[in-house]
Every structure is written in C-alpha cells, then in structure tokens.
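Report on the following structure.
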Amino acid sequence: MISLRTSASGRSLLCAVTLLYLLVPGAGTVQAQSNTYQDPLTFVSWGGAYTRSQMLAFVYPFERRFNTRVNVLDYHGGLEEVRDQVSSLNVKWDVIDLEPADALRGCEEGLLQPLDPTLLKKSPDGKSLQEDFFPEAIQKCAVGTVVWSTVIAYDRQQFEGERAPESLKDFFDTERFPGPRGMRRTPKANLEWALISDGVPADQVYSVLETDEGLQRAFSVLDRLKPNIVWWNSGAQAPRLLEAGRVVMTTAYNGRVYDAMAQRNPGLQIIWDHQIWSYDLLGIPRHTRNQEQAEQFLRFATSSEQLAEQARHIPYGPVRHSALAQVDRALRPHLPTEPDNFANALKINAAWWAEHFEQINIRFEEWLERPVRVPRALPH
C-alpha cells in the first residue's frame, strides 16, 4: 500500500496525478456509472426443472436485456418467511412465485404489493389483457404465469406383465395395486382426491369439506392409505421416488414427471384422471427496496414471448392465449390444458384454501404425528 504524505513534494505529486486523471478521456465516468448500478434482484421459486424453465425463459434473458443480475432462491411455498421479512421491514426477496391461495392471503394480509395491471405487456395480437389472460390470472397483488397440475404418476417397469393403474381410484386401491405411494406433505389436493376416490362428485368436494363430517370423511380415507405413504416436499422428489423404486405410484406435478421422462426415464407415465390444476403467479413483497426493478422483471416474465418460451422447457400451460398460440403443437398433448387431459380436471379452490388452510393444516400435522396403524390381516 502506497501512502502519499501531505508534504510539499507529496502535494505536488497529488496535483499531478489529479490533473492526469482529469485529462484522460473517459476518466471520471467510473464512479458515475457505479452510482447507477442497480442492486441484484432476488427471485424466489420452487427449484428443480421448474426453476430451470424460468431461468431459460426469462431470468437469463432479463439479465441480458437489462444488464443486471438476478439471484434465484428456492423455497417450499407458504407465507411464513414473507411475513417475517415484511414485519421486520427487512425484505430480502423481490419477486416470489406463489400458489394462488398464498397470493390471495398475502394480499389480504398486506404482505404483497398491489399491482397496476397497466404495467403488463400488451398482447401481440391486439387483444386486451382481460381477453388475453386466463380468468383469475390477473389478481390485485399477483399475475399468473402458468397452468400446472398435480397428477398421479407411475413407472411402467414396475407393472410389466400386470395391469397398470389407470385412474385416481387405483391410487387409493392398495389391494389391487399394493405398494407404497408418494404424496406431497400438505392437505391441499390430498383431501380433495380422498373424497373423490370415496365417491364424492368433484363439483361437491368443497361443500363437503366445509362440514366436520366431510372433513373427517376425507381424513378417514387417508387413514386407510397412511401406512403406505411416503411424503415428499419438493417437486423434484416425486419422480425420484418412482425412479428409485421407493413407491409404485406418486402424486406429482405434471411438468416434473415430463422432465424426468425426457431426461432419464421414458417409462414414467401420467394418469390425467381428475388432475387438480392451478396457476402459479408472481408477486412482489411489500417494502422491497427494488420495487421498480421488480415490476420491470414481472412485466418481462409475464409477456407472451417469455411464457411461450417457458412452455418449451416444461409442459405447463401459459396463462395467455397469445402465448399458447406460440407453443409447438407436438408439445400440446403434454399440457394440463389439452382437452383430452382436461376432461374431468378439478380446479383447486384457492379462495377456499386461503380461508381454511391454516386451521386444516394444523389438523393435518397433528394427524401426521399419530402412530400409523397397520391393519391386521383378516383370518382365513
């Protein structure tokens, strides 16, 4: 380290260096440029193949287009971390990929920033935003990106020479199809499927779950399956359970199964019967330090071009008709929204779950802690 003393000779040297600096073309612009440098944006999503599709479709392109950096983090959903950050005024996340119930609840609690729909990019075919976006994809505090679904999946190799499962009921039938089942560790979708497999019409599921008797009925169905359940948390885990032979069937996100089929195991199969579909949405936490940049990112990520690009990397349906029109026809049979796949699909009731999730999840976690009772074999 060189020290310039403030002696007469030192002052002369300082003046000379300063004069030389001012005369060099471009000198003095470095500090000015650094002052305009934006902080990195932090984007939070679900990891695995899904986040990979986002990186390729809009994270990397955004970085190149706007000459900035995006930090990408994984989480398992929910609002707990968002509450902690917002309540402490120490918000570290700028844009979050949300499930609809969390988007609604987060908006009601003041955890998410209300969004002006006019910030969204217009449709390339001249349609209004209301015409172009699917219903409910534009919300007060969040904007949809994809339609995804939870499906049943299995590995065809495990059923060679035997009848393979074909329906939701087969998933709950451990006599005809013995073996462990994978399920996401959440009451959402599991309770709906439990009732449907027990004979409740899909359009009556939520009215039945509203009652104590109906809720108990759903848990009773899960009771019978509980000794066979292997729980998973992240979407990447579900197809891995199949590939490792730890389960014979699993609930899974359709895009994660397709990615595993394309990358590693073409023997994986999807059962579309009573798929439960939903949106993913992007929201901005309240009090983010990078609100303007976060809105810029959200506008870019939800444009028709970037949503169509994401579908090329994972088969989730874009929530804009103008984006769906750009998706290759060869990929469309793998989308949840394809008519043959969508015939008896159930849309998860995000508003219902936003109201009831915390209470039901407490009961669900208590239910998980109870010892598993393996049924005794019947006497011959």
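Taking the six-membered ring for Trp and the full ring otherwise, W231 and F364 have centroids separated by under 6.0 Å. Aromatic pair Y253/Y50: centroids not less than 6.0 angstrom apart. In this structure, W148 has its ring center no closer than 6.0 Å to that of Y258. The aromatic ring centroids of F342 and W277 lie less than 6.0 Å from each other. A centroid separation of 6.0 Å or more is found between the aromatic rings of F58 and F62. With ring centers used as reference points, W93 lies under 6.0 Å from Y75.
A distance of 6.5 Å separates CH2 of W232 from OG1 of T250, quoted to the nearest 0.5 Å. Taking CG of D74 as the reference point, atom OG of S45 lies at 7.0 Å (rounded to 0.5 Å). Taken from NZ in K140 to CG in D116, the straight-line distance is 13.0 Å, to the nearest 0.5 Å. Within the model, atoms CG of N265 and CD of E243 stand 5.0 Å from one another, a figure rounded to the nearest 0.5 Å. Atom-to-atom distance recorded for L79:CG and E81:CD is 10.0 Å, nearest 0.5 angstrom. For the atom pair N361 CG and H356 NE2, the distance stands at 14.0 Å (nearest 0.5 Å).
F43 and F297 have tilted rings, their planes meeting at an angle from 30° to 60° on a 0 to 90° scale.
With hydrogens and angles disregarded, no donor-acceptor distance shorter than 3.5 Å links the side chain of Q158 to the backbone of M249. In this structure, K226 contributes its side chain and W367 its backbone to a donor-acceptor pair below 3.5 Å. At distances below 3.5 Å, at least one donor-acceptor pair connects side-chain atoms of Y206 with backbone N or O atoms of N349. For the pair Q275 (side chain) and P336 (backbone), a donor-acceptor distance under 3.5 Å is present. Without hydrogens or angle criteria, T288 side chain to P285 main chain gives no donor-acceptor distance under 3.5 Å. Listed for the R69 side chain is no donor-acceptor partner under 3.5 Å among the backbone atoms of P40. R289 places a side-chain N or O within 3.5 Å of a backbone atom of V91 that can act as its donor or acceptor partner. Listed for the R185 side chain is no donor-acceptor partner under 3.5 Å among the backbone atoms of L368. Side chain of Q204 to backbone of V200: no donor-acceptor contact under 3.5 angstrom is found.
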Inset, instruction - Could you go through the side chain to side chain contact (heavy atoms under 4.5 Å, CB included) check for F300 and F66 one step at a time? - result: CA-CA 10 Å; F300 182 81; F66 297 99; 4.1 Å; yes
Inset, instruction - Report the C-alpha separation of E192 and K347 in whole Å, then their side-chain angles, then the decisive distance to 0.1 Å, and conclude whether the salt bridge (charged side-chain N to carboxylate O under 4.0 Å, His left out) test is met. - result: CA-CA 10 Å; E192 289 95 321; K347 181 179 182 294; over 6 Å; no
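Closest of all the heavy-atom pairs between V86 and R286 is CG2-O, 3.8 Å. Listed here is the closest heavy atom pair of P318 and F134: O-CZ, 3.5 Å. For the residue pair D173 and R181, the shortest heavy atom distance occurs at O-NH2, 3.1 Å. Contact between N254 and H334 at its shortest, heavy atoms only, is ND2-O, 3.6 Å. Considering all non-hydrogen atoms of both residues, Q326 and S304 come closest at NE2-CB, 3.8 Å. Of all non-hydrogen atoms in A189 and W353, the two that sit nearest each other are N-CZ2, 4.5 Å.
Using modelled atom types and a 3.5 Å distance limit, the side chains of E131 and S128 yield a donor-acceptor pair. Looking only at atom types and distance, the side chain of T145 has no donor-acceptor partner in the side chain of Q310 under 3.5 Å away. For Q291 and E295, the side-chain atoms include at least one donor-acceptor pair closer than 3.5 Å. A donor-acceptor contact closer than 3.5 angstrom links the side chains of D97 and Q54. Side-chain contact annotation: S322 with D132, donor-acceptor N/O pair under 3.5 Å present. Counted by atom type alone, Q306 and T302 present zero donor-acceptor pairs between their side chains at under 3.5 Å.
Salt bridge E309/R312: present, at least one basic N to carboxylate O contact under 4.0 Å. Using a 4.0 Å cut-off between charged side-chain N and carboxylate O, R176 and D170 make a salt bridge. The residues E305 and R65 are annotated as not salt-bridged, no charged nitrogen and carboxylate oxygen being separated by less than 4.0 angstrom.
For the side chain to side chain contact (heavy atoms under 4.5 Å, CB included) test with L98, the passing option among D280, L282, L112 is L112; the others fail.
You'll find the side chain of E109 stays beyond 4.5 Å of the side chain of V82, heavy atoms only.
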